[in-house]
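Accompanying notes for the structure given below.
In what follows, every chain begins at residue 1, and chains take the letters A, B, ... in the order their sequences are listed.
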There are 2 protein chains.
Amino acid sequence: MAECEHVHEGPAGLTGRDLNHALSQADDRCARAGERMTQPRRRALALLLEAGRPMKAYDLIDIFGEDGRAAKPPTVYRALDFLSRQGLAHRIESLNAYVACEMGERRHAAAFLICDCCGATEEIEPFAPERVQAAAADAGYLIDRVTIEAHGRCPACL
Amino acid sequence: MAECEHVHEGPAGLTGRDLNHALSQADDRCARAGERMTQPRRRALALLLEAGRPMKAYDLIDIFGEDGRAAKPPTVYRALDFLSRQGLAHRIESLNAYVACEMGERRHAAAFLICDCCGATEEIEPFAPERVQAAAADAGYLIDRVTIEAHGRCPACL
DNA sequence: CGATGCGTGTTATAATGTATCGTTGCTTCT
DNA sequence: AGAAGCAACGATACATTATAACACGCATCG
Ligand SMILES: [Zn+2]
Ligand SMILES: [Zn+2]
Ligand SMILES: [Zn+2]
Ligand SMILES: [Zn+2]
């Protein structure tokens with residue numbers, strides 16, 4: 001997002017039927033987990049799914065209202081925290097951004113490939129989780145959450 | 001740093017002779033790299049080495065002046081950026097904090113074990129770098145920087 | 001000597017994230 | 001139905017984290 005000025009139209013996010021389907025699945029998943037998919041939570045997830053790429057909290061805040069009005073920060077931060085807890089979205093620490101989970105069912109650890117040129121990201125399976133545990137065990141640590149974020153260039157940015 | 005309220009005296013950082021030695025090594029390393037170890041850069045590194053644990057930028061800002069006066073934010077952020085570029089310190093994204101590099105010579109990729117109870121961190125060798133490259137290659141990405149931060153409990157915090 | 005590059009100091013401001021409090025709307029119990 | 005308990009919400013204010021912009025000093029190089 002800094003170095004080259006290629007502009008690639010990203011793969012874009014979900015729209016129409018696909019979007020509604022994904023939201024319905026999220027509804028189901030919350031219901032099964034005994035959690036409440038409220039209006040602001042659903043709206044935040046919809047925005048992330050539509051975007052199809054990492055979004056900053058304040059980008060969401062600016063476009064949150066269906067009527068074009070901005071939301072108050074706590075509204076969006078609370079929704080994003082909820083979505084992260086449920087595994088419906090992930091926070092990308094190195095970008096201060098959030099992205100809808102692309103890996104379907106179940107809460108899970110995630111890892112990301114991130115293009116520093118165009119901002120595209122790809123969620124991948126965390127590699128070598130057993131090696132993490134081994135390294136932690138060597139040092140006597142008990143690990144419950146691992147952040148893995150690999151920065152570079154996507155295929156389109158060479 | 002949130003859940004349990006144990007207070008463990010951390011392993012603490014460097015002092016006296018050890019501190020001066022580490023700073024001299026950093027001086028040498030910059031000289032060899034053709035970079036300038038200026039006063040604010042050296043001061044920032046000294047504070048990180050003394051602390052021996054991750055420090056927030058504004059914690060450094062508050063104690064930056066030898067005379068007890070605070071520094072201006074850009075002074076410290078620039079110094080931290082420099083130290084990160086040289087591999088003399090690392091930024092920990094999930095904490096918004098910085099820590100002196102514990103792995104001696106050469107710029108290198110890093111990984112961290114982080115105790116969410118007491119704030120202790122341990123720099124470890126990044127695990128499975130070949131698997132990162134493989135995963136990236138599968139997706140067509142070319143990676144140049146990987147963030148790995150494992151959160152949990154240190155031995156002292158159970 | 002300019003001219004260029006790099007680092008600094010300073011001011012101001014931008015971007016990101018939380019604390020708190022009163023209200024609302026369920027669910028559960030009586 | 002009514003009351004109590006709880007989770008989420010909306011709003012205000014505030015805290016924390018980070019950068020932009022510009023003037024200056026001081027080296028290096030033609
Ligand atoms: Zn996911
Ligand atoms: Zn790209
Ligand atoms: Zn290191
Ligand atoms: Zn600990």
#### Entry: Qualifying residue for side chain to side chain contact (heavy atoms under 4.5 Å, CB included) with A/Phe112, from A/Ile124, A/Leu95, A/Val99
A/Val99

### Query
To the nearest 0.5 Å, what is the distance between CD1 (A/Ile92) and CD1 (A/Ile148)?
13.0 Å

### Query
In terms of ring plane angle, is the pair B/Phe127 and A/Phe127 parallel, tilted or perpendicular, where the classes change at 30° and 60°?
tilted

#### Entry: Option from B/Glu123, B/Glu102, B/Glu149 for which side chain to side chain donor-acceptor pair (under 3.5 Å) with B/His90 holds
B/Glu123

### Query
Rounded to the Å, how far apart are B/Arg43 CZ and C/dG9 C1'?
17 Å

### Message
Between P on C/dG7 and CG on B/Leu80, what's the gap in Å once rounded to a whole number?
### Response
15 Å

Under the side chain to side chain donor-acceptor pair (under 3.5 Å) rule, collect the residues that match up with [X], sequence neighbours excluded.
X        : result
B/Arg32  : B/Glu105
B/Gln86  : none
B/Glu130 : A/Arg131

### Query
Can you give one letter per nucleotide of nucleotides 8-19 of chain D, going 5' to 3': B for a protein heavy atom under 4.0 Å from the base, S for sugar-phosphate only, - for none?
SBBBB----BBB

### Task
Estimate the overall bend of the helix from C/dC1-D/dG30 to C/dT30-D/dA1 from the end axes over five pairs each, rounded to 10 degrees.
30°

#### Entry: Whichever hydrophobic residues join B/Leu88 through chains of side-chain contacts under 4.5 Å
B/Leu14, B/Leu19, B/Leu23, B/Met37, B/Leu45, B/Leu47, B/Leu48, B/Leu49, B/Met55, B/Tyr58, B/Leu60, B/Ile61, B/Ile63, B/Phe64, B/Val76, B/Tyr77, B/Leu80, B/Phe82, B/Leu83, B/Tyr98

